[in-house]
Amino acid sequence: MFTDQQIFRYCFQGQCRAADPMAVLGQLDRYTGGSAKATSEVARREAETLEERLAAIEARAKLLEAVRLAFDLPSFDVTTGEGTLAADLVAIWNQFCEFIEATRKG
């Protein structure tokens, strides 16, 4: 179980936010269709064939949308230029993974 000190804290567009790590893990798994970890591994895998490349592209898109939904972030609006950029989602995902890894170690 996570303690108060283990609440995931991050900043998005100048606003500090907090997230319940267990809830986020569950939502990430739900939004990726079963396993955010497996989806992440496919997304990062070096593609040697066109089929593997397409699978990686699809996995990246699925993972980033899962991150957006799990952290309740606004989608990017192409008409206004406002919302969450893919780079923001990658940064939050990386921070969350580092947080989870550090929490498990100790």
Side-chain angles (χ1 to χ4, degrees):
M1 299 304 282
F2 294 95
T3 66
D4 188 47
Q5 292 88 11
Q6 295 169 317
I7 299 298
F8 177 63
R9 299 184 189 283
Y10 64 103
C11 292
F12 173 71
Q13 296 181 344
Q15 180 184 31
C16 291
R17 296 175 168 217
D20 174 348
M22 292 299 290
V24 169
L25 286 170
Q27 291 170 341
L28 287 167
D29 283 345
R30 182 173 136 223
Y31 294 132
T32 56
S35 174
K37 182 178 179 181
T39 302
S40 176
E41 289 170 0
V42 172
R44 291 180 300 166
R45 189 176 299 147
E46 288 294 323
E48 295 181 13
T49 67
L50 177 60
E51 186 175 278
E52 289 173 344
R53 177 81 176 122
L54 293 174
I57 290 168
E58 180 64 29
R60 263 186 231 111
K62 184 184 282 190
L63 181 63
L64 293 181
E65 181 64 4
V67 170
R68 189 186 72 74
L69 292 169
F71 287 98
D72 194 29
L73 300 170
S75 58
F76 182 75
D77 185 332
V78 297
T79 59
T80 65
E82 296 178 353
T84 311
L85 299 173
D88 296 326
L89 296 170
V90 169
I92 292 169
W93 169 250
N94 288 336
Q95 291 168 21
F96 185 70
C97 288
E98 290 170 8
F99 169 84
I100 294 298
E101 188 64 30
T103 301
R104 288 184 177 154
K105 285 183 181 176

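Side chains are part of it too, since the values below use all heavy atoms of this structure and drop only hydrogens, waters and symmetry mates.
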Nearest 0.5 Å, please: how far is [atom2] in [Y] from [atom1] in [X]?
X	Y	atom1	atom2	result
Leu28	Phe96	CG	CZ	6.0 Å
Lys37	Cys97	NZ	SG	10.0 Å
Leu64	Asp88	CG	CG	10.5 Å
Ser40	Lys62	OG	NZ	13.0 Å
Ile7	Phe99	CD1	CZ	7.0 Å
Gln27	Met22	CD	CE	12.0 Å

Shared hydrophobic cluster for Ile57 and Leu50 (ILVMFWY, side-chain gaps under 4.5 Å):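 No.
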Taking Ile92 as the starting point, is it possible to reach Val90 by hopping between hydrophobic residues whose side chains are less than 4.5 Å apart?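 Val90 and Ile92: one cluster.
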Taking all non-hydrogen atoms of both residues, which atom of [X] and which atom of [Y] are closest, and how far apart?
X	Y	result
Cys11	Cys16	SG-SG, 3.0 Å
Ala66	Tyr31	CB-CB, 3.6 Å
Val24	Ala19	CG2-CB, 3.8 Å
Leu63	Ala36	CD1-O, 4.2 Å
Ala43	Arg60	O-NH2, 3.0 Å
Val42	Ala59	CG1-CB, 3.7 Å

Quick one, Leu54 and Glu51 - any side-chain contact, counting heavy atoms below 4.5 Å?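 No. Closest side-chain heavy atoms not under 4.5 Å.
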Taking the side chain as everything from C-beta on, heavy atoms only, tell me whether Phe8 gets closer than 4.5 Å to Ile100.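 No, their side chains stay 4.5 Å or more apart.
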Under 3.5 Å donor-acceptor pairs involving side-chain atoms of residues 67-76, not counting sequence neighbours:
{"from": "Arg68", "atom 1": "NE", "to": "Glu65", "atom 2": "OE1", "distance (Å)": "3.1"}
{"from": "Arg68", "atom 1": "NH1", "to": "Leu73", "atom 2": "O", "distance (Å)": "2.8"}
{"from": "Arg68", "atom 1": "NH2", "to": "Glu65", "atom 2": "OE2", "distance (Å)": "2.8"}

Flag if over 12 foreign heavy atoms under 6.0 Å of CZ, Arg17: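 Yes, enclosed.
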Mind checking whether Tyr10 and Phe12 have ring centres under 6.0 Å apart?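 Not close enough - the centres of the two rings lie 6.0 Å or further apart.
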Can a donor-acceptor pair be found, under 3.5 Å and without considering hydrogens, that links the side chain of Asn94 to the backbone of Ala91?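 Answer holds: no.
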